[in-house]
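To start, the structure under review is shown below, and the notes come after it.
What you see is a predicted model; the values in this text were computed from it and never measured. First the proteins, then the strands, lettered A, B, ... as listed; each starts at 1.
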2 protein chains.
Amino acid sequence: MSDAALWAALADPHRRAIIALLLERPRPVGEIVRACGLSQPSTSKHLKVLRETGLVRVRQDAQRRVYALDPAPIAALDAWLAPYRKLWNDSLDALGHRLDEPPDTAEPCAPKD
Amino acid sequence: MSDAALWAALADPHRRAIIALLLERPRPVGEIVRACGLSQPSTSKHLKVLRETGLVRVRQDAQRRVYALDPAPIAALDAWLAPYRKLWNDSLDALGHRLDEPPDTAEPCAPKD
DNA sequence: CGGTTATATGCCTGTCAAGGAATGGACCAT
DNA sequence: ATGGTCCATTCCTTGACAGGCATATAACCG
C-alpha cells in the first residue's frame, strides 16, 4: 500500500538529507531550511511528504514545529531488503570459497504462469 | 554519486518487480515482459536502468539475453539503512520498557555547526 | 489589538521520466 | 539468402513532481 509512497518519499535526495539531519536530533523547520539550502516553502512541502509516509513526526513548540524521525517505516525497507541481503551474503561466501561454478543451468527458465 | 541513481532505479515499482522476479532466478527478457505486463520496449528500458546502476547483469544466450540479479549495489542500501536500523531497534527496546542505556542522552542537542 | 516570527498552502512553470508505436539490429533455422 | 524471433533504441506524447513566489494561518510579544 504505502510501500510505494515510502520509496517515492526516499527517492528524493533532499528528503533523504532531511532524514539524515533528523537522525542526529529533532529539529525545527527553520533549521532544516538553512541546512538543506532550499526555500522555506519547498522544505515544508518535503516535510509534508515525509509526514504523510510516517517517516517524521511533528511536535509543536510555541510557534515552532519540531520535526523528529520516526524509524518505523524504515523497518519496512529493511524487510524488503532482507531477501537480497541474504543473497549478497551468499555471494561473499562464494567469493571466499571459490569462483568456479557447477553448471547452474539446472533451472530451465520455464514460465511459471 | 551513483547512490542517487540507485534510489532512482528502485523508486519505480515496475523495476522493483523486475528485481523481485530476478531474485527467484535469472530470466530472459521475454519472460520479464510477460511477467510485468508492460510492453517489450518499456521493459527493455527498465532493464537498461537496472543495468546502468549495476543491479542486474546480462548473459547472452543465443538470441536471448538472460538477466540476473547482482546484489552488490543493494549492499549500499543496507549501509545507508544501518544507522536507522539501530535507531528503530532502540525503539523496540524502549517498548520493552528496558532503558538500560542511562548516559546515552549525553548529547545536549547543541548546534554542531 | 497590531506587529512579528514561524510554518503551511496555492498557483505557476520548467523539467524529467515513463509508456507506447515504430524501427533497427543481431541471431538462428531452413 | 530469407524469413522469423528476440531484444534494443529512437521519437513522441503525456503526466507527475520539484521549486520559487506570493499568500494564508497560527502563535508569540508588545
Side-chain angles (χ1 to χ4, degrees), chain A residues 2-22 25-69 105 108-111, chain B residues 1-22 25-69 109 111:
Chain A
S2 71
D3 207 48
L6 177 63
W7 280 103
L10 291 174
D12 186 277
H14 284 138
R15 285 196 285 262
R16 287 199 304 277
I18 293 176
I19 291 289
L21 279 175
L22 297 183
R25 54 185 156 92
R27 295 174 194 255
V29 176
E31 206 175 321
I32 303 175
V33 167
R34 286 187 295 277
C36 65
L38 284 177
S39 70
Q40 178 267 315
S42 291
T43 306
S44 250
K45 275 179 277 191
H46 283 305
L47 288 171
K48 181 178 188 175
V49 174
L50 294 174
R51 238 186 300 134
E52 289 171 345
T53 60
L55 280 163
V56 300
R57 296 184 322 260
V58 207
R59 172 177 57 98
Q60 185 130 14
D61 173 50
Q63 325 93 318
R64 291 185 302 182
R65 304 265 192 128
V66 180
Y67 279 81
L69 191 61
T105 53
C109 284
Chain B
M1 181 187 76
S2 72
D3 207 46
L6 178 62
W7 280 103
L10 291 175
D12 186 278
H14 285 138
R15 285 195 287 262
R16 287 199 303 277
I18 292 176
I19 291 289
L21 278 174
L22 297 182
R25 53 185 155 95
R27 297 174 193 255
V29 176
E31 206 176 320
I32 303 175
V33 167
R34 285 188 296 276
C36 66
L38 284 176
S39 72
Q40 178 266 316
S42 291
T43 307
S44 251
K45 275 180 278 188
H46 283 305
L47 288 171
K48 180 178 188 176
V49 173
L50 294 174
R51 236 186 301 134
E52 289 171 345
T53 59
L55 280 164
V56 300
R57 296 184 320 260
V58 208
R59 172 177 58 97
Q60 186 130 12
D61 173 50
Q63 323 94 320
R64 292 185 303 181
R65 304 267 192 126
V66 179
Y67 278 81
L69 190 61
C109 284

(request) Start with the C-alpha distance between Val56(B) and Ile19(B), add both sets of side-chain angles, then the distance that settles side chain to side chain contact (heavy atoms under 4.5 Å, CB included), and finish with yes or no. (result) CA-CA 8 Å; Val56(B) 300; Ile19(B) 291 289; 4.3 Å; yes
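Taking atom CG on Asp12(A) and atom C1' on dG19(D), their separation rounds to 11 Å, with Å as the unit. Protein atom CG of Asp61(A) is 9 Å distant from nucleotide atom P of dC28(D), rounded to whole Å. For Gln63(A) and dG30(D), the CD to C1' distance is 14 Å, given to the nearest whole Å. Rounding to whole angstrom units, CZ of residue Arg59(B) and P of dC6(D) are separated by 16 Å. Summarising the geometry, the separation between CZ on Arg64(A) and C1' on dA27(D) is reported as 12 Å, rounded to the nearest angstrom. Lys48(B) has its NZ atom 18 Å from the C1' atom of dC6(D), to the nearest Å. Between Leu38(A) atom CG and dC17(D) atom P there is a gap of 17 Å when expressed in whole angstrom units. Between the CD atom of Gln40(A) and the P atom of dT25(D) there is a distance of 15 Å, rounded to whole Å.
For dG19(D), one of the phosphate oxygens OP1 or OP2 lies less than 4.0 angstrom from a side-chain nitrogen or oxygen of His46(A). Phosphate proximity of dC7(D) to Ser44(B): absent, as no side-chain N or O sits under 4.0 Å from OP1 or OP2.
When each of Gln60(A) and His14(A) is assigned the nucleotide of DNA chain D bearing its nearest heavy atom, the one mapping closer to the 5' terminus is His14(A). Nearer to the 5' terminus of DNA chain D, by closest-nucleotide assignment, is the contact made by Val29(B) (compared with the other of Val29(B) and Lys45(B)).
Boundaries of the chain A contact region on DNA chain C are dA6(C) to dC11(C), first to last in 5' to 3' order (nucleotide atom under 4.0 Å from a heavy atom).
Note: Asp12(B) CG to Leu50(B) CG = 8.5 Å, rounded to the nearest 0.5 Å.
Counting heavy atoms from C-beta outward, His46(B) and Leu38(B) have side chains that approach closer than 4.5 Å. The side-chain heavy atoms of Leu22(B) and Ile32(B), taken from C-beta on, include a pair separated by under 4.5 Å. In this structure, Leu55(A) and Ile18(A) have side chains that are not in contact, with every pair of non-hydrogen atoms separated by 4.5 Å or more.
Here the closest heavy-atom approach between residue Ser39(B) and residue Thr43(B) is recorded as O-OG1, 2.8 Å.
Atom CZ of Arg64(A) sits in a sparse spot, with 12 or fewer heavy atoms from other residues, nucleotides or ligands closer than 6.0 Å.
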